[in-house]
Trainee: 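Just passing along the structure, written as structure tokens.
All values reported here derive from a predicted model rather than from experimental measurement. One-based numbering, in listed order, for ligands and for the atoms of each.
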Amino acid sequence: MGAAGPKVGQSVVDLIEEHGINYQRQMTIKNINPAVKEVIFENGATKKADLLITVPPHKVPDLLKEASLTNAAGWVPVDRETLKTKYENIYAIGDVAAVSLEGKYKPDKPLMLPKAGVFAHNEAEVVAKNVASLIKEDGKQVAFDGQGSCFLELGDGTAAFAEGNFFALPHPKVTMKGPSRLLHQEKVLYEKYWFKRWF
Ligand SMILES: Cc1cc2nc3c(=O)[nH]c(=O)nc-3n(C[C@H](O)[C@H](O)[C@H](O)COP(=O)(O)OP(=O)(O)OC[C@H]3O[C@@H](n4cnc5c(N)ncnc54)[C@H](O)[C@@H]3O)c2cc1C
């Protein structure tokens, strides 16, 4: 959780290690050799794996590249408050959007808004309200404020909860509560609310 800061990041690592999980920092997978069940890392290290659970390479759909919407890093740069791209009336929200943060923990390390469902959700509401306002010509434009939160499922009926403002200065201000059983109940209720069929 780089953008959440070293304190919250270390709390997450502590929680992982308390559960007997060996956490290794800065290890990027370069390749996988299924024939010998081996994972090869960018730094040359290798690890054997009986079961590998991994996330495939994260990238934008080709369409966005073909439309010249992406930057050198392969994401779509946007204005952080309006989610406007360089093209008029084209917005980018969620994982495809590159939202740069003004705040930093180290002067030479610029930060980007993390890619998380909570930001996709909040950005969508901002863009939807602003497009509606443009159509209605009521001048009621709103701005994305960089606020976000998420539960961290920890097993054993417990969860933690991180929340904060990623646009805060001089760096994002994020705090973590828990873990506790009560927070796990809140997470369950949140899921039920989210997945309920309202219509
Ligand atoms: C393992 C994992 C765990 C995560 N846990 C959390 C968490 O706990 N909390 C949290 O907030 N976030 C979490 N995230 C991140 C969260 O899932 C993403 O940030 C969020 O889903 C981004 O939403 P999105 O709408 O931008 O993109 P997506 O959810 O990826 O939706 C994009 C959609 O566009 C479709 N699509 C792609 N190309 C085309 C095309 N050419 N034409 C039409 N459709 C297309 C895709 O099929 C997809 O349905 C997690 C992600 C992963 C991988």
Trainee: Hey, what do you get for CD (Gln185) to OG1 (Thr158), rounding to the nearest 0.5 Å?
Mentor: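 Interatomic distance, Gln185 CD to Thr158 OG1, rounded to 0.5 Å: 11.0 Å.
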
Trainee: Counting from 1, what ligand 1 atoms have a heavy atom of Gly94 closer than 4.0 Å?
Mentor: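 Once the distances to Gly94 are compared, the set is 26 (O).
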
Trainee: Any protein heavy atom sitting closer than 4.0 Å to atom 38 (N) of ligand 1?
Mentor: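 Yes, at least one protein heavy atom sits under 4.0 Å from atom 38 (N) of ligand 1.
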
Trainee: Rounded to the nearest 0.5 Å, what separation is found between the CG atom of Asn89 and the CG atom of Leu134?
Mentor: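 Between atom CG of Asn89 and atom CG of Leu134 there are 7.0 Å.
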
Trainee: Which atoms of ligand 1 have any heavy atom of Val118 under 4.0 Å away?
Mentor: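 Near Val118, the atoms of ligand 1 are 11 (O).
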
Trainee: Which residue and atom name correspond to the protein heavy atom nearest atom 1 (C) of ligand 1, and how close is it?
Mentor: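 Nearest neighbour among protein heavy atoms for atom 1 (C) of ligand 1, to 0.1 Å: Val55 CG2, 4.2 Å.
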
Trainee: Angle class for the Phe151/Phe161 ring planes (parallel below 30°, perpendicular above 60°, tilted otherwise)?
Mentor: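 Aromatic pair Phe151/Phe161 classed tilted.
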
Trainee: Look at atom 42 (N) of ligand 1 and say whether a protein heavy atom is found at less than 4.0 angstrom from it.
Mentor: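 Neighbour list for atom 42 (N) of ligand 1 is empty of protein heavy atoms (cut-off 4.0 Å).
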
Trainee: When you look at NZ of Lys86, are more than 12 heavy atoms from neighbouring residues, nucleotides or ligands closer to it than 6.0 Å?
Mentor: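 Correct, the count exceeds 12.
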
Trainee: Nearest 0.5 Å please: distance from the CZ atom of Phe167 over to the CZ atom of Arg80.
Mentor: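 Here the rounded value is 6.0 Å.
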
Trainee: So if I count the atoms of ligand 1 from 1 in the order they appear, which ones are less than 4.0 Å from some heavy atom of Ala120?
Mentor: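 In order of number, 23 (O).
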
Trainee: Show which atoms of ligand 1 fall inside a sub-4.0 Å distance from at least one heavy-atom site of Pro61.
Mentor: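 That gives atoms 37 (C), 38 (N) of ligand 1.
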
Trainee: Protein heavy atoms: any of them under 4.0 Å from atom 28 (P) of ligand 1?
Mentor: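 There is no protein heavy atom less than 4.0 Å from atom 28 (P) of ligand 1.
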
Trainee: Write out the residue and atom name of the closest protein heavy atom to atom 8 (O) of ligand 1, then the distance separating them to 0.1 Å.
Mentor: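 Result: Phe151 O, 4.5 Å.
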
Trainee: Provide, to 0.1 Å, the distance between atom 17 (O) of ligand 1 and the closest protein heavy atom, together with that atom's residue and name.
Mentor: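 Of the protein heavy atoms, Gly117 N, 4.8 Å lies nearest.
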
Trainee: Counting only heavy atoms on the protein side, is anything nearer than 4.0 Å to atom 10 (C) of ligand 1?
Mentor: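 Yes.
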
Trainee: Within the protein, is there a heavy atom lying under 4.0 Å from atom 21 (O) of ligand 1?
Mentor: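 Neighbour list for atom 21 (O) of ligand 1 is empty of protein heavy atoms (cut-off 4.0 Å).
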
Trainee: For residues 37-62, dump all side-chain donor-acceptor pairs below 3.5 Å to protein atoms at least two apart in sequence or in another chain.
Mentor:
residue, atom, partner, partner atom, Å
Asn43, OD1, Ala45, N, 2.9
Lys48, NZ, Val36, O, 3.2
His58, NE2, Asp95, OD2, 3.1

Trainee: Do Leu15 and Leu154 come within less than 4.5 Å of each other through their side chains, counting heavy atoms only?
Mentor: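 Yes; the side chains approach each other to less than 4.5 Å.
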
Trainee: May I ask you to identify the nearest protein heavy atom to atom 30 (O) of ligand 1, giving residue, atom name and distance to one decimal place in Å?
Mentor: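 So the nearest neighbour among protein heavy atoms is Asp95 OD2, 4.8 Å.
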
Trainee: Between NZ of Lys7 and OH of Tyr105, what distance do you get to the nearest 0.5 Å?
Mentor: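 Output value for this atom pair is 10.5 Å.
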
Trainee: For the NZ atom on Lys84, are there more than 12 heavy atoms of other groups (residues, nucleotides or ligands in this structure) within a distance under 6.0 Å?
Mentor: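 Atom NZ in Lys84 is not packed in, count stays at 12 or less.
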
